[in-house]
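Here is the structure we will look at.
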Amino acid sequence: MAEAADFPGMAPSPARRLLRRTGALLAGAPLLAGLLQLSAPAAHAAEPAFAKEASGTGTVAVAVDSLSPSVPTEGDTLTVSGTVTNKGKQTVTDAHVDLLVGSALATRSAIDSTAKRSDDISGSTGSVLGDKYVAEFAKLTPGVSEQFSISVPVDELDLGDEGVYPLGVALAGETSAKPWEQVLGIQRTFLPWQPDEADTRTRTTVLWPLISDVHMTAETGSNEQQTPVFLNDDLAAEISPGGRLDQLLSLGKSLDVTWVIDPALLASVDAMTERYDIVAGDTTTAGKHQAVAGRWLAELQQAVQGRQVVALPYADPDLASLAHSGTSVTGSLNQLKAATDVAADTVETVLHVTPSTDFAWPVEGAVDPSIVKVATSAGADKVIARSDSLVENGDLSYTPSAARPIGGGTTAVVADARLSEAFQGDLAKASGSTLAVQEFLAQSLALNLQTDKQRNVVVAPQRMPTAGQAQAMAEAVTALQSGTWSQAQQLTAAAAAKPDPRATTKVPSRSAYPASLAKRELPRSAFVDIATTQDRLDNFKVILTDESRVVTPFGRAINREMSTSWRGRTTAASSFRQGVQAYLTTLAGQVKLIQKSELKLSGRSATIPVTVQNNLVQGVDRLVLRLTSTNPTRLEISGKAYDEQPIEVSGGHSTTVKFTTSANANGQAAVVAQLYTEDGRAYGAPVTFDVKVTEFTATVMLVIGGGVLLLVLAGFRMYTQRKRAAAREAEENGAEETVPAADAAGTRQDSGNGPDDESDARSGAGDPVQASDGTPDTAAESADPSGTGERVDR
């Protein structure tokens, strides 16, 4: 008769639906066995075979968007809300969502297994709450989602002793191809049940990381304030309302957590509070988010007051990359030391709190002996590891405390892997976030129920959680800290707690380091680039009158080149390193020698001018200019092969120095001008030019020859004129006049003839030199060098 009540085109009666659902649940027990796990002993024993079963997801996706409260207690009403979506090609009719509660899960591995099969419709059975707590749908059209919400008093869940209970949200219905009731989709989650306060509470430390990518370049403005230049404006988006870092700050300030901060992030945001520029290719624009940066820093300063702050080395250097690829490059460990030394000062300056700097945090807590050695080389004596790296040897039936002495005065603070990895993946959707929160709480409660021993547990989540992940973390930590089995504790207290003597202290070998992490490390070439940049910086800074304008921005940029944030971004990392190096080369090239063309030396001695130009905004000194002759046998510089002069040049000016040269032979000689630092290291590119030596040039010889010829002609003319005058005088006085004997001897008496006597006195008959010849106009040619001081134009 019940069957006769169903007619084509009409919905089944309530009685019919109840009979069908009851029959389906009874007859379909083997199918519903997949909804939830068995009681703990049976489930644990079945795990090996369980993992080999073929999983099967239904044609209807069930999403649990909200489960409130996350940790129910007696007297509460549990509300489960979500959506169901028909992913198949056929309409589902007579659909309904039921809640199922399974037996308490006895182990943490049982929770793992349930979580892995969260949407698998096969598995062990659970108790269906029944029609009173159900959401019904007449039909589910393909591709259409429907919302549901079911509220049930916690007392109706029939929960037993404290523990973690699996909660299934299952949709059953019919299709035209299979016109009988069947489970078409399920979503499993967890109900942590601790109605009374636990006898022993787990002390839980939650790390709250404030870390970001690299945003600042090495470049700064030439003004007095040295305006910083950013690669992009992404950091502004992160700290703006709703951004990732803004969410972490807003959520974290209401939690009892240990803040783990990268000082480079603080320095970047602090730089944004004043004028800053953004470079995009060849275009530079002014940043506009000073107010956003100031607000974020002010809120962070308030949030960390009275809380523990752990400062990582500046820019969060990749310790594993450094250990595996960088130690073979000279100076790499010095970079880690520099990053550690500046960390505390940066945090104190920006946040006005004194941070702890004795913690090192390798990527994902994976360690090996080389990583531990590098991590502690800069002063840290505590390494934040993870339990999937320092794996227990199986002697313990419970999770031990975090602190482990690993030798050499170093403590490994081992974070719990299950709790630390709970918030990975895409948690932007409410369904993903809800599942992550419930699994985290379930693992925490299961850990506490393992033993009555007092233990200290650390949660170290991913370094840069997304906004969705941060929200899920905050929700879970809030529920945990208001629960009955855990109490908050700072990281330093967890590290100082008495270690469990049975816990493993053996650091895994290098071969055990995860290959998935190793392939994302910085290569050795990255550390070679870093060393090259540092070497060029050392050579540049020694000539500056104010080296801090260069050392500080470039030193921090080199720290950023080692950042963990470059993992998996090989091209971007290389581009950043090359950009830093190129900018340093450009700056160093602002102090240079001016090129010279060929010089000609006319004479055996001259000076050669060499000009040094300084286009920097600050002065340079402690430079030496050396001028070297490549052929000193032909051309000497100050009497030797080379000469040097100290150089000082004010910012934006040039100076010219002169070197004395002397030629030993005609011909061409190459001369090299080179700047050196005081320690003898070459600075910049040399300038080479040729000097052509000609003791007397053709023009000079023509001038001298012409002058001599004119003197000879003038003397000959004067001589012939005197001869004619003497002949005329003799003819007038008579050729027969007798000459006295004294005249023959070359002395003649005064004849009293006046002017004629004066003329005779000037010239005697036997004098070989004419009186008019006098002293020659030019001295005899000398073989000595011409006078110095001659300027040679280039």
Sorted by chain and residue number, the ring pair (Phe, Tyr, Trp, His ring centres under 6.0 Å) partners of H289 (sequence neighbours excluded) come out as none

Side chains of V507 and P369: does their closest heavy-atom pair fall under 4.5 Å? yes

Here the pair of heavy atoms bringing D246 nearest to S240 is CB-O, 3.1 Å

- If we ignore angles and hydrogens, is there a donor and acceptor under 3.5 Å between the side chains of S70 and Q438? yes

When every non-hydrogen atom of T411 is compared with those of A495, the smallest separation belongs to CG2-O, 4.0 Å

(message) Check this for me: does any side-chain nitrogen of one of D341 and K337 sit under 4.0 Å from a carboxylate oxygen of the other?
(response) yes

Would you kindly say whether S66 and S68 are connected by a side-chain donor-acceptor distance under 3.5 Å?
no

Determine whether the side chains of Q308 and T492 contain a donor N or O and an acceptor N or O closer than 3.5 Å.
yes

dist S420:OG -> L207:CG (nearest 0.5 Å) comes out at 7.5 Å

Separation between OG (S118) and CD (E439), nearest 0.5 Å, reads 9.0 Å

Rounded to the nearest 0.5 angstrom, the CE-CG distance for M216 and L235 is 10.0 Å

Validation row: Q471, S433 side chains within 4.5 angstrom (heavy atoms): no

Residue set satisfying ring pair (Phe, Tyr, Trp, His ring centres under 6.0 Å) with F190, at least two apart, ordered chain then number -> none

For E348 and T354, the nearest pair of non-hydrogen atoms, with its separation, is OE2-CG2, 3.6 Å

- Any donor and acceptor pair, going by atom type alone, linking the side chain of Y398 with main-chain N or O of D452 inside 3.5 Å? no

_Before you tell me yes or no, could you show the steps for R520 and D318 under salt bridge (charged side-chain N to carboxylate O under 4.0 Å, His left out), namely the whole-Å CA-CA distance, both residues' side-chain angles and the distance that decides it to 0.1 Å?_
CA-CA 11 Å; R520 296 168 62 86; D318 192 334; over 6 Å; no

Side-chain (Q302) to main-chain (A298) donor-acceptor, under 3.5 angstrom: no

ask   = Is there a donor-acceptor contact under 3.5 Å linking the side chains of S151 and T79?
value = yes

>> For E521, is there any backbone N or O sitting under 3.5 Å from a side-chain donor or acceptor partner on S321?
In response: no

Considering residues, nucleotides and ligands other than K373, do more than 12 of their heavy atoms fall under 6.0 Å from its NZ?
no

Worksheet item: Within the side chain of T410, is there an N or O that forms a donor-acceptor pair under 3.5 Å with the backbone of I406?
Response: no

Flag, side chain of T273 to backbone of G294, donor-acceptor distance under 3.5 Å
no

Which of R560, R463, R567 passes salt bridge (Lys or Arg N to Asp or Glu O under 4.0 Å) with D316? It is R463

Might you work through the side-chain contact (heavy atoms from CB on, under 4.5 Å) test for M464 and D213, ending with a clear yes or no? CA-CA 9 Å; M464 289 188 282; D213 291 325; 3.4 Å; yes

Only residue of I186, V64, L100 satisfying side-chain contact (heavy atoms from CB on, under 4.5 Å) with V169 is V64

Query - CA sep, side-chain torsions, deciding dist, call: E74, V154, side-chain contact (heavy atoms from CB on, under 4.5 Å) - result: CA-CA 6 Å; E74 291 179 345; V154 172; 6.0 Å; no

Q.
What I want to find out is whether R455 reaches D416 closely enough, with some N-O distance under 4.0 Å, to be called a salt bridge.
A. no

query: Does the Q469 side chain pair with the main chain of G425, one donor and one acceptor, at a distance under 3.5 Å?
result: yes

Margin query: Taking CG in N393 as the centre, count heavy atoms belonging to other residues, nucleotides or ligands within less than 6.0 Å. Is the count above 12?
Written below: yes

Separation between CZ (R386) and CD (E364), nearest 0.5 Å, reads 5.0 Å

Heavy atoms of L210 and L300 approach each other most closely as CD1-CD1, 3.6 Å

Contacts of T357 meeting side chain to side chain contact (heavy atoms under 4.5 Å, CB included) (sequence neighbours excluded), chain-then-number -> A311, A344, P355

*Side chains of D256 and Q487: donor-acceptor distance under 3.5 Å anywhere?*
no

Quick test of your reading of the model: are D234 and R244 salt-bridged, counting only N-O distances below 4.0 Å? no

- Message: Within the 4.5 Å heavy-atom criterion, are P166 and L105 side-chain neighbours or not?
- Response: yes

Show, in sequence, the C-alpha distance, side-chain angles and deciding distance for T484 and D196, and conclude whether the side-chain contact (heavy atoms from CB on, under 4.5 Å) test is met. CA-CA 7 Å; T484 57; D196 302 317; over 6 Å; no

| message | Evaluate L157 against V152 for side-chain contact (heavy atoms from CB on, under 4.5 Å), listing each step before the verdict. | response | CA-CA 8 Å; L157 298 177; V152 55; 3.9 Å; yes

Notebook entry, point to check: Quick one: does I211's side chain get under 4.5 Å of L265's, heavy atoms only?
Noted result: no

Query raised in the report: Which class fits the ring pair W259 and W208: parallel under 30°, tilted 30 to 60°, perpendicular over 60°?
Result: perpendicular

Quiz item: Taking side chain as C-beta onward, heavy atoms only, is V260 less than 4.5 Å from L312?
Solution: yes

Next on the checklist: Keeping R404 on the side-chain end and T504 on the backbone end, is there a donor-acceptor pair under 3.5 Å?
Outcome noted: yes

task = Answer yes or no: is there a donor N or O on one side and an acceptor on the other, between the side chain of T205 and the main chain of Q489, under 3.5 Å?
result = yes

Using distance alone, with no hydrogens and no angle criterion, decide if T204 and T202 have a side-chain donor and acceptor under 3.5 Å apart. no

Practice item. Would you check if there is a donor-acceptor pair between the side chains of R418 and T399 at a distance under 3.5 Å? Key: no

*asked:* Does atom CD (Q454) have a neighbourhood of more than 12 heavy atoms from anything else shown, all under 6.0 Å?
replied: yes

Smallest heavy-atom separation, D161 atom then W193 atom, equals O-CD1, 3.3 Å

Please answer whether the main-chain N or O of S109 pairs with a side-chain N or O of S113 as donor and acceptor at a distance below 3.5 Å.
yes

In this structure, CH2 of W485 is separated from OG1 of T200 (nearest 0.5 Å) by 15.0 Å

A497 and A403 have their tightest heavy-atom pair at O-CB, 3.8 Å

With a 3.5 Å distance limit and no angle check, can you tell me whether S431 reaches the backbone of A63 through a side-chain donor-acceptor pair?
no

Practice item. Report yes if the side chains of V342 and P263 come closer than 4.5 Å at any heavy-atom pair, otherwise no. Key: no

Here the gap from L251 atom CG to M473 atom CE, rounded to the nearest 0.5 Å, amounts to 9.0 Å

Only residue of T346, V350, L351 satisfying side-chain contact (heavy atoms from CB on, under 4.5 Å) with D270 is V350

Notebook entry, point to check: Mind checking whether L67 and L78 have side chains closer than 4.5 Å, heavy atoms only?
Noted result: yes

